[in-house]
Amino acid sequence: MDGKKTVFSAIKPTGTPTIGNYLGALRGWQTMQDEYRCIYSVADLHSTTIYIAPAELRKNTLELLSLLLAVGIDPEKSVLFVQSHVPAHAELTWLLNCNTQFGEARRMTQFKDKSAKHPDNVNVGLFDYPVLMAADILLYQADCVPVGKDQMQHLELARTIAERFNNKYSPTFVVPEGIMPATGAKICSLSDPSAKMSKSDDNENGYILMTDDADTIRRKFKRAVTDSGSEIRAGADKPGITNLLTIYAAFCGITLGKAEADCAGMGYAEFKMRVADAVIAGLAPVQKRFAEYMNNKDYLESVMRNGAETAARMAVRTLEKVYRKMGFVRLQHNRG
Ligand code: TRP
């Protein structure tokens with residue numbers, strides 16, 4: 001093959017991504033496309049472990065696909081597909097379930113956190129989520145998985161499952177490494193700079209959605225929490241200003257030091273509007289392309305179809321190996 005390493009990553013269609021998702025993950029996905037063979041998925045099967053209204057799931061899936069295209073995920077370069085269009089994900093999950101210990105899955109902190117948060121719906125899917133995630137990654141023999149801190153424990157479990165299977169049967173899976181995209185930046189809530197920016201924040205002033213319009217963006221930055229003192233500089237004693245400087249630097253493509261220099265001497269109000277304007281300008285071309293893709297359902301359909309075909313072809317190869325190694329009788333002219 002071309003000697004490039006394979007990257008797999010996925011994002012759940014649970015709502016519009018924030019600029020935190022953009023700067024921390026999606027922009028990195030875009031830049032990795034030249035160096036790696038990239039496979040990116042809209043993880044719709046993962047989105048139903050917490051109840052989501054059917055109409056919302058449908059809408060979110062097409063929006064997220066459009067947004068991935070809008071940030072520059074190029075379906076000619078990368079494999080871009082919707083997870084539920086490739087049945088191998090659900091099939092491998094079952095086979096891996098039988099190679100995952102209950103105790104291992106029970107230790108996952110996200111399972112514990114989410115079951116505490118939704119005590120009325122602690123479903124088996126929520127428990128099994130990390131095994132589905134392992135199947136996503138292992139099906140494509142991914143070398144590298146760009147993930148944030150919150151998914152590291154799940155990636156560790158995927159590695160454990162892969163190693164166990166390889167030892168129990170015979171070498172089958174590439175054991176994936178977690179990587180942080182070079183351009184990754186951690187963005188905090190505008191209303192509480194000690195917390196990560198999240199679209200599930202109860203306070204909508206805490207996050208900027210990638211589809212927020214200019215007025216909304218200005219309004220939210222106007223309300224952003226700052227720190228005592230009046231200096232514009234980064235530092236542990238200035239979490240609010242540091243977060244705003246980080247956002248500004250990331251959107252302008254400059255270092256934090258350069259951002260500090262650019263904004264030194266401004267008052268807080270003026271500084272906030274400078275940051276807002278940089279975000280508005282940075283998102284404008286993405287939002288324009290997003291609207292175009294959303295209006296072109298035929299194109300979206302063709303991207304989904306081609307992506308699913310390519311992904312399924314790759315995935316079935318691994319899946320067939322797993323079935324055979326475990327002793328399942330396969331039909332002679334089967335898919336793989
Ligand atoms: N669980 C991931 C998240 O919540 C999304 C995801 C699903 C994923 N499958 C994956 C990420 C495989 C990396 C690799 O962010």
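Counting convention: from 1, in listed order, for ligands and their atoms alike. Computed from a prediction, not measured in an experiment: that's the story for all the values here. We count residues from 1, following the sequence as given.
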Pick one of side chain, backbone, both or neither for how I137 approaches ligand 1, counting any non-hydrogen atom pair under 4.0 Å.
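It is the side chain that gets close, since no backbone atom is under 4.0 Å.
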At under 4.0 Å between heavy atoms, which part of K12 makes contact with ligand 1: side chain, backbone, both or neither?
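Just the side chain.
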Students often mix this up, so state it plainly: with edges at 30° and 60°, are the rings of Y140 and F81 parallel, tilted or perpendicular?
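Tilted.
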Which of parallel (below 30°), tilted (30 to 60°) and perpendicular (above 60°) describes Y323 and F328?
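Ring orientation of Y323 relative to F328: perpendicular.
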Counting only nitrogen or oxygen atoms and a 3.5 angstrom limit, does S9 reach ligand 1?
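No - when backbone and side-chain N and O of S9 are compared with those of ligand 1, no distance drops under 3.5 Å.
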Could you tell me whether some N/O pair between Y129 and ligand 1 is separated by less than 3.5 angstrom?
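N/O-N/O distance below 3.5 Å exists for this pair.
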Side chain proximity check, L190 to R223, heavy atoms < 4.5 angstrom
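When only atoms from C-beta onward are counted, R223 and L190 do not touch, as no gap falls below 4.5 Å.
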Which protein non-hydrogen atom lies closest to [atom], naming both residue and atom, and how far is it?
atom                    : answer
atom 13 (C) of ligand 1 : V145 CG1, 3.7 Å
atom 9 (N) of ligand 1  : D136 OD2, 2.7 Å
atom 12 (C) of ligand 1 : F8 CE2, 3.5 Å
atom 5 (C) of ligand 1  : A10 O, 3.5 Å

What I want to check is whether the side chains of Q83 and D136 have a donor and an acceptor closer together than 3.5 Å.
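Yes.
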Scan K272, E231, R274, M273 and name whichever one has a side-chain contact (heavy atoms from CB on, under 4.5 Å) with M266.
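Between M266 and the candidates, side-chain contact (heavy atoms from CB on, under 4.5 Å) is satisfied uniquely by R274.
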Would you say that more than 12 heavy atoms from the other residues, nucleotides or ligands in this model lie under 6.0 Å from the NZ of K5, or not?
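Open.
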